[in-house]
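Here is the structure we will look at.
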Amino acid sequence: MKYALALALLFATPLSAQDFGLSGGRAFSVDLGLGASLGPTYPGAEEAEVSPWIIWRNAGFGPVGQAPAQGFSIAPSFGTVGSRDSADDAALTGLDDIDRAYELGLRVNYGAGPVRAYGSLRRGFGGHEGVTGELGAKYRTELSDRVTLWSGVEVGYGNADYNDTYFGVTAAESASSGLPATAPGGGVNEAALTFEARYALSDTTALLGEVRYGKLIGDAADSPVVQDEYQPSLRLGVTRRFSFGF
């Protein structure tokens, strides 16, 4: 209910409230929205669940109503990792519970024509206190004035604190679960293909869909905690573009 109310308030905002004193020049613009995500219940899980999707996209400096300009741009990066409860999955019996984690950091983009490369780093709070991020590239295809497709590749990274939290097994957990003790340490933990579609309802509002087909790799894939190396996800939502002039 609270997500539905937030969505209604977000998209009920009149257009004039989006352009804070801007009559020309540059602005900080960002696509904000809400949706639903269907993905693994925890990193390495076999089962999937539906969770809220808070959308923060295309943040950067540029003309009002447009995505960030070509070249370099820097913007905040946010992320979440769902909680892991040993009572919800027999495969987790004897392992410690992990609270939901919230992540905050920076994302660097570089746009050149239809290609965009990006890298992000975020620090976790709550469920993990490690550092994680992604490195990838996307290719844009304009099917029409309203429909835009993005296809891309991406690799995920976690430092020792992050990977040990989700893929490690301590000596105490090994004794209670029967799983071998494991300390994967930091490094690349996932590779993924991504596909995104955007349908513009207006100059500022759009429907957004994303399919991500990830596969755990390296020490993460070898973890005894992992039930399935393949980690597909599907997300659907609605976004609206906001611009703050200066």
Side-chain angles (χ1 to χ4, degrees), residues 2-37 51-81 102-125 132-140 142 145-150 152 154 194-210 212 233 235-246:
K2 63 181 180 179
Y3 295 105
L5 178 59
L7 182 64
L9 291 174
L10 177 66
F11 293 100
T13 305
L15 182 61
S16 59
Q18 298 177 43
D19 304 325
F20 294 85
L22 185 70
S23 59
R26 295 175 63 80
F28 177 80
S29 299
V30 60
D31 293 336
L32 298 177
L34 291 171
S37 175
S51 59
W53 180 25
I54 301 175
I55 306 170
W56 168 281
R57 292 290 179 91
N58 299 323
F61 293 92
V64 176
Q66 296 183 14
Q70 299 287 288
F72 284 103
S73 63
I74 300 177
S77 177
F78 304 101
T80 61
V81 184
Y102 301 90
E103 301 169 348
L104 175 63
L106 291 175
R107 177 183 175 106
V108 177
N109 297 281
Y110 181 78
V115 178
R116 178 181 297 173
Y118 59 90
S120 62
L121 278 179
R122 298 180 300 277
R123 203 270 195 189
F125 302 89
T132 184
E134 302 83 29
L135 185 67
K138 294 182 178 182
Y139 184 85
R140 183 182 73 247
E142 303 283 355
D145 291 342
R146 292 183 177 270
V147 181
T148 304
L149 300 181
W150 293 86
E154 181 178 276
T194 62
F195 303 93
E196 179 183 315
R198 182 181 185 275
Y199 180 81
L201 299 173
S202 68
D203 289 342
T204 56
T205 306
L207 300 177
L208 190 66
E210 181 185 280
R212 188 176 188 278
S233 64
R235 301 196 288 189
L236 300 172
V238 184
T239 67
R240 188 163 187 176
R241 189 152 192 83
F242 291 85
S243 298
F244 305 85
F246 63 93

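All values derive from a computational prediction rather than experimental measurement.
The side-chain contact (heavy atoms from CB on, under 4.5 Å) test with R57 is passed by exactly one of L32, V30, L208: L208. Exactly one residue among L149, V147, T148 makes a side-chain contact (heavy atoms from CB on, under 4.5 Å) with E142. That residue is T148.
A heavy-atom distance below 4.5 Å is found between the side chains of I54 and L34. With a 4.5 Å cut-off on side-chain heavy atoms, V238 and T205 count as touching.
Residues G124 and E103 approach most closely at CA-CG, 4.1 Å, considering heavy atoms. When all heavy atoms are compared, the tightest approach of G113 to R140 is O-NH1, 3.5 Å. Nearest heavy atoms, A200 versus A206: CA-CB, 4.0 Å. Between R146 and S202 the shortest heavy-atom distance is NH1-N, 4.3 Å.
With sequence neighbours left out, the side chain to side chain contact (heavy atoms under 4.5 Å, CB included) criterion links F78 to W56, P76, L104. Scanning for side chain to side chain contact (heavy atoms under 4.5 Å, CB included) contacts around L106 gives I74, with sequence neighbours left out. Not counting sequence neighbours, the partners of F195 by the side chain to side chain contact (heavy atoms under 4.5 Å, CB included) test are S151, L193.
In this structure, the side chain of R212 does not engage the main chain of T194 through any donor-acceptor pair within 3.5 Å.
The pair E134-R122 counts as a salt bridge, with a side-chain nitrogen and a carboxylate oxygen less than 4.0 angstrom apart.
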Stepwise side-chain contact (heavy atoms from CB on, under 4.5 Å) check, L201 with L207: CA-CA 7 Å; L201 299 173; L207 300 177; 4.0 Å; yes
Where do E210 and W150 land on the side-chain contact (heavy atoms from CB on, under 4.5 Å) test, with the steps shown first? CA-CA 9 Å; E210 181 185 280; W150 293 86; over 6 Å; no
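L135 contributes atom CG, which lies 8.5 Å from atom CD of E154 (distance to the nearest 0.5 angstrom).
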